[in-house]
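Right, one structure below, let's go through it.
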2 protein chains.
Amino acid sequence: MSRPQPQKRATVHDIAAAAGVSRGTVSRVLNGGYVSAEARAAIEAAITEVGYVPNNAARALKMRRSQAVAFVTLEPHSLFLDDPNIGSIMLGANAALSLADHQMVSLVVESSRDTERVARYLSGGFVDGAIVVSARTQDPIIKVISDLSLPAAFVGHPPELDRTIPFVGIDNVGSARAITEHLLTGGRRRIGMIAAALDRDSGIDRLAGFRAALGPLFDEEMVADVPHYDYGSGVKGMRELLERDRSVDGVFAASDAIAAGALEALREAGRSVPGDVGVVGFDDSTWAVRCQPQLTTVHQPAKEIGSCAAQLVLRQLRGEHPDPGGQLLPTPLVLRDSA
Amino acid sequence: MSRPQPQKRATVHDIAAAAGVSRGTVSRVLNGGYVSAEARAAIEAAITEVGYVPNNAARALKMRRSQAVAFVTLEPHSLFLDDPNIGSIMLGANAALSLADHQMVSLVVESSRDTERVARYLSGGFVDGAIVVSARTQDPIIKVISDLSLPAAFVGHPPELDRTIPFVGIDNVGSARAITEHLLTGGRRRIGMIAAALDRDSGIDRLAGFRAALGPLFDEEMVADVPHYDYGSGVKGMRELLERDRSVDGVFAASDAIAAGALEALREAGRSVPGDVGVVGFDDSTWAVRCQPQLTTVHQPAKEIGSCAAQLVLRQLRGEHPDPGGQLLPTPLVLRDSA
DNA sequence: TACGGATGTGTGAACGTGCACACAGTAGGA
DNA sequence: TCCTACTGTGTGCACGTTCACACATCCGTA
């Protein structure tokens, strides 16, 4: 079976022939240079006439530049379907890249088959750089990027193995600490946490911040450990906390979805919020405002995270070396009704 | 300021030199052909030694094939942040393309600036085809794809202007009719609808199905028209229905999120579900199972939609001409507790 | 011996682009 | 008059790959 030939498209040669000039002159019209007014007019007419569109593949080959940056999502299953922020991060990155006239291409790595193919894609000259979003810190693709020394930026914690790649994220420890302190200043004394995803840095750090805020008041018993950042986990986690200590008067949920689940469990148990129990969440996602009462939570600047990561890549493409330390964006507390 | 040269990477020439053979032989090892065992061994050793990665841009230029397919999301703002299915559709498409060893690259069109850049990208040889997901049926990018005669497939309704491009979707009219009939067989007689997004085909069709199911029972007054498929719209829409007729005993919500909002409004009004009022949704998203009671709804086979769209593109890449009529995937009713 | 097929290898051209270079004409100043 | 600077144009090459073709060797058979 012979593959169908994609239809022949006009090239600079065709334009040159149509306008009665040479390829070089056409190139100068497209890319700037000395061209006479007549030649320019003839060429521009020819371009629209033959419907010319430049061939990116050829340009990328010659220029070693594709004007494209990959947005690589590792473990999309958990990220795309659970994480309320991933969409906003993408849009933020796209907006920033768009302003710099770069194309964002989003790649998804789900299987080992994907890993290999994406690695090939990244190394093949189709993209000039990469933004990597990963749920966990270790992934084979990260080594590939590191080996290729492809200009890159991480969203979230960078992998231990390559500290030379810059990253952008939020201060999970500090934010968790701040929101827990809000519960304390509200007079809560028996405070529990529904901690999720303790196999990820975000989960670990939020727990660490909680512990730091409570200091001597911290009680291991008052931490319910659930696997995911989702609603169901919140219901289960809150029931567990109530079972362990019915005098609980404050709860820090590791995400808004969890907080929403906690509200449901508290309603079941006949507790009022914020009267009997103060509840705070994390993310400032759409969950926060659709709950009854609306959630006091930590705002994640998702759009800014995306655009910041894009800037980190663009800066490297301009030849600058960003300090590898990474960048933590501010996470303002959003005070609503739940605590 | 001079642009930094991306570091020089090994090419087939380097491998040939290292292995003491010619470029042609290297190419044959990579792409198949008669090669002696010694030559093959030497070349494979050389490949790993110099860390060769093939240059996709050069390959795409020569082969006129990039082995990549674009996943274009028009109006990502509403889709990414509102639509619970878009992530699953993407993953479904990615899985199908992955099996055919094609790379899915997701592009996002948000501004007019994006439109132009993505059009260039699509026409530049970086992708062999495109899957287009659009909230609305009209968009400038569609004309571009049509003009380029790029192998493509639409998710949802195809634009009127080009019926030659195949599409995949669900039968919104039939599904809405079926779920409304479920309310009728449950004995409900005063049935309202919270209709959303009446500027899109999906919204229009769901309303049409509702009307068809009710027949003479249909009452214009019992349709609350809300702008979006979201929770807040559901709350508002349900309040409106209750105000118009307190005897309402059944509600078809145009999405699960809306249904969730409706449940909240009914709780406010002291109505029990499904006792006083039966509520059904649409999508079978995560909303459906996190509601109290869990929603009876229409299952959208999002993953299958994605993989089906991918197949439509892949088939064209193989030179087949899929019937342009389009494909509607089955949408089973999921019976839970809300009606 | 001569021939044809199967197996193995090297060479040249082409994909479409951008850039370095060569070249030509004009104008102005030493 | 010659040299330089500026504007404008054409040609050749390179980017890294694949493929068609030419050539070379070996074996079995007419």
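Just so you know, these numbers come straight off a predicted model, no measurement behind them.
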Exercise. Test side-chain contact (heavy atoms from CB on, under 4.5 Å) on B:V105 and B:V127 and set out the steps.
Key: CA-CA 8 Å; B:V105 304; B:V127 294; 3.8 Å; yes
Self-check item: Taking every non-hydrogen atom, the tightest pair across A:L122 and A:A70
Solution: CD2-CB, 3.6 Å
Quiz item: Does any non-hydrogen side-chain atom of A:D114 lie less than 4.5 Å from one of B:Q103?
Solution: no
Self-check item: Heavy-atom check, side chain of A:V168 versus side chain of A:E304, under 4.5 Å
Solution: no
Is the phosphate of [N], meaning OP1 or OP2, less than 4.0 Å from a side-chain N or O of [X]?
X	N	answer
A:T25	D:dG10	yes
A:Y34	D:dG8	no
B:S36	C:dT9	yes

Quiz item: Do A:R28 and D:dG10 have a side chain to base donor-acceptor pair shorter than 3.5 Å?
Solution: yes
Quiz prompt | Distance-only donor-acceptor test (3.5 Å): side chain A:R40, base D:dG8 | solution = no
Quiz item: Say you draw a straight line from CG of A:L97 to CG of A:D128; how long is it, rounded to the nearest 0.5 Å?
Solution: 10.5 Å
Exercise. Could you check A:D14 against A:R23 for salt bridge (charged side-chain N to carboxylate O under 4.0 Å, His left out), going step by step and ending with a plain yes or no?
Key: CA-CA 9 Å; A:D14 301 322; A:R23 302 169 353 247; over 6 Å; no
Quiz item: Which nucleotides of nucleotides 13-19 of chain D have their base under 4.0 Å from a protein heavy atom (B), which only their sugar-phosphate (S), and which neither (-), written as one string 5' to 3'?
Solution: BBBBBBS
Quiz prompt | Donor-acceptor side-chain pairing of B:N94 and B:S98 below 3.5 angstrom | solution = no
Quiz prompt | Heavy-atom neighbours of B:E110 CD exceed 12 at 6.0 Å | solution = yes
Quiz item: Rounded to whole angstrom units, what separation is found between the CD atom of B:E38 and the C1' atom of D:dT25?
Solution: 13 Å
Exercise. To the nearest 10°, let me know how far the axis at one end of the helix from C:dT1-D:dA30 to C:dA30-D:dT1 is tilted from the axis at the other, five pairs an end.
Key: 70°
Quiz item: If you look at every strand shown and take non-hydrogen atoms under 4.0 Å, does A:A60 touch a base, only sugar-phosphate, or nothing?
Solution: nothing
